[in-house]
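Below, each value reflects all heavy atoms present in this structure, side chains not excepted, and no hydrogens, waters or symmetry copies. Sequential numbering from 1 along the given sequence is applied to the chain's residues. In each ligand, atom 1 is the first atom listed, and ligand 1 is the first ligand listed.
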Amino acid sequence: MTHEYTAPVPDVRATEIPEPGAVTIVVPTYNESANIRQLLRQITESVPSRLPCEVVFVDDSTDDTPEVIYEAAKDCPFPVTVLHRDEPVGGLGGAVVEGMKAAGSDWVVVMDGDCQHPPSLVPELVATGERANAGLVVASRYIKGGSRAGLAGSYRVAVSRAATWLTKSLFPRRLHGISDPMSGFFAIRRSDITADVLRPLGYKILLELAVRSRPRAVTEVPFVFQDRYAGESKSSAQEGLRFLRHLVGLRTASPVARMVGFGLIGATGFVPNLLGLYVLTVLGMHYVPAEILANQLGVAWNFLLIEHLLFRDRRLHRRWWDRAGRFALLANADLVLRIPLIALFVHRFGIGVLSATALALVTTFVLRFVGTEALVYLPRRNRSRTV
Ligand SMILES: Nc1nc2c(ncn2[C@@H]2O[C@H](COP(=O)(O)OP(=O)(O)OP(=O)(O)O)[C@@H](O)[C@H]2O)c(=O)[nH]1
Ligand SMILES: [Mg+2]
């Protein structure tokens, strides 16, 4: 459930962009009470005189942040809305999507609530978008004039750099022209937001937007990432893991990419399989039962990875033991099927043994992938638009 509050609206005059309510500033907040007054003061000083604005806070706080916002909003010359969520669906990303849906202006600017993103840049982001006729303007720490001064410690800098490099390498085309896909500070035209295809996971909403609903033209403006004004960071190792899952989800959104992911995960299954075989035979087991048992280790390994990386959001249709059973059945059927298939290729179609084996491997692999999709993780009907 969300509660909504809108502060009284004094008259605001525009200078750069004529129509009223030209920008909605969406600020996700989680326990940021110590930063709210400063943030609203900075917005008041730098934005409304140049650009009419409204501010929408999407709040998942467990402290008194909403009350602090209501109080501070009384001094603001623009409308301030708080959407407080009792259930923080989708975390930070979900909050931003909710804020974008509630926005009423032509431009939506997303920024953090801890003053790390300078509000003085908001008019420039919008003006740049208008000038370049762009759909998305990213405030970047990684172009000339920008810096990540406020990123606490060399560890955070290294992690951020590695994450940016990995992300750019995985989506070279989609992220072309975006030097800072991990930025949480950007302006997007409301007409370019396709909120219904977004399935954000954790922090990286810009990445989600750029990959799933890439706006027409993208441009960037440099900015200096400031120090947090007050309060605590919410980033954590768990957030890092969520980011990796988000990357895998985005990269495997198409069936072909998912099949490649399925194959790569399958290949890693050799490790537990061979290790198991080694241990069992060293313990004195005959190699045939050892093969069968060790193979089940590989199957279990693959099942775990596939569940958590590839089909994470498609697990609701069956209980876990049902999915595990079906998956194991398909994996073992693959083994049983391969030999007769090779025999068929060799004797019936006169194919050489090596080619027949390769063909059988590919055939059973494709069958197993299709079978896993259809029989274990039958897609929900409303997903068809995004895959
Ligand atoms: N609504 C909502 N906001 C969140 C949530 N998690 C974080 N935020 C907000 O998202 C913004 C960014 O979070 P931060 O903790 O500052 O993350 P960060 O900037 O990567 O970390 P620091 O550099 O240490 O500040 C802040 O305004 C947070 O209050 C959440 O689950 N829900
Ligand atoms: Mg921050």
Residue portion contacting ligand 1 (non-hydrogen atoms closer than 4.0 Å) for Pro28: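 It is both parts that get close, each with some atom under 4.0 Å.
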
Val58 and ligand 1 - part of the residue with a heavy-atom distance under 4.0 Å: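 Just the backbone.
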
Nearest non-hydrogen partners of Asn35 and Gly113, listed with the distance: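 Closest heavy-atom pair between Asn35 and Gly113: CB-O, 3.1 Å.
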
Pair Ser105-Thr24, side-chain donor/acceptor within less than 3.5 Å: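 Checked: Ser105/Thr24 side chains pair up, N/O donor to acceptor below 3.5 Å.
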
Closest to atom 29 (O) of ligand 1 (judged by heavy-atom distance), picking from Gln116, Glu32, Gln226, Arg85: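 Nearest heavy atom to atom 29 (O) of ligand 1 lies in Glu32.
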
Please work out which of the three classes, parallel, tilted or perpendicular, describes the rings of [Y] and [X], given edges at 30° and 60°.
X	Y	result
Phe223	His117	perpendicular
Phe349	Phe345	tilted
Phe262	Phe365	tilted

What atoms of ligand 1 come within less than 4.0 Å of a heavy atom belonging to [X]?
X	answer
Thr29	1 (N), 2 (C), 3 (N), 29 (O)
Gly113	26 (C), 27 (O)
Asp60	1 (N), 2 (C), 30 (C), 31 (O), 32 (N)

Contact check, Pro88 vs ligand 1, heavy-atom distance below 4.0 Å: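 The answer is no: ligand 1 sits nowhere under 4.0 Å from a heavy atom of Pro88.
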
Test of proximity, Asp114 against ligand 1: N or O pairs below 3.5 Å: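 Among all N and O atoms of Asp114, at least one is under 3.5 Å from an N or O of ligand 1.
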
Atom of Asp114 closest to the Mg ion (ligand 2), considering N, O or S atoms: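 Of the nitrogen, oxygen and sulfur atoms in Asp114, the Mg ion (ligand 2) lies nearest to OD2.
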
Worked verdict on Glu307 versus Arg323 for salt bridge (Lys or Arg N to Asp or Glu O under 4.0 Å): CA-CA 9 Å; Glu307 282 262 299; Arg323 299 194 302 274; 2.7 Å; yes

From Ser160, Ser147, Ser179, Ser183, residue fulfilling side-chain hydrogen bond (donor to acceptor under 3.5 Å, both in side chains) relative to Tyr142: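 In the set Ser160, Ser147, Ser179, Ser183, the residue that makes a side-chain hydrogen bond (donor to acceptor under 3.5 Å, both in side chains) with Tyr142 is Ser160.
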
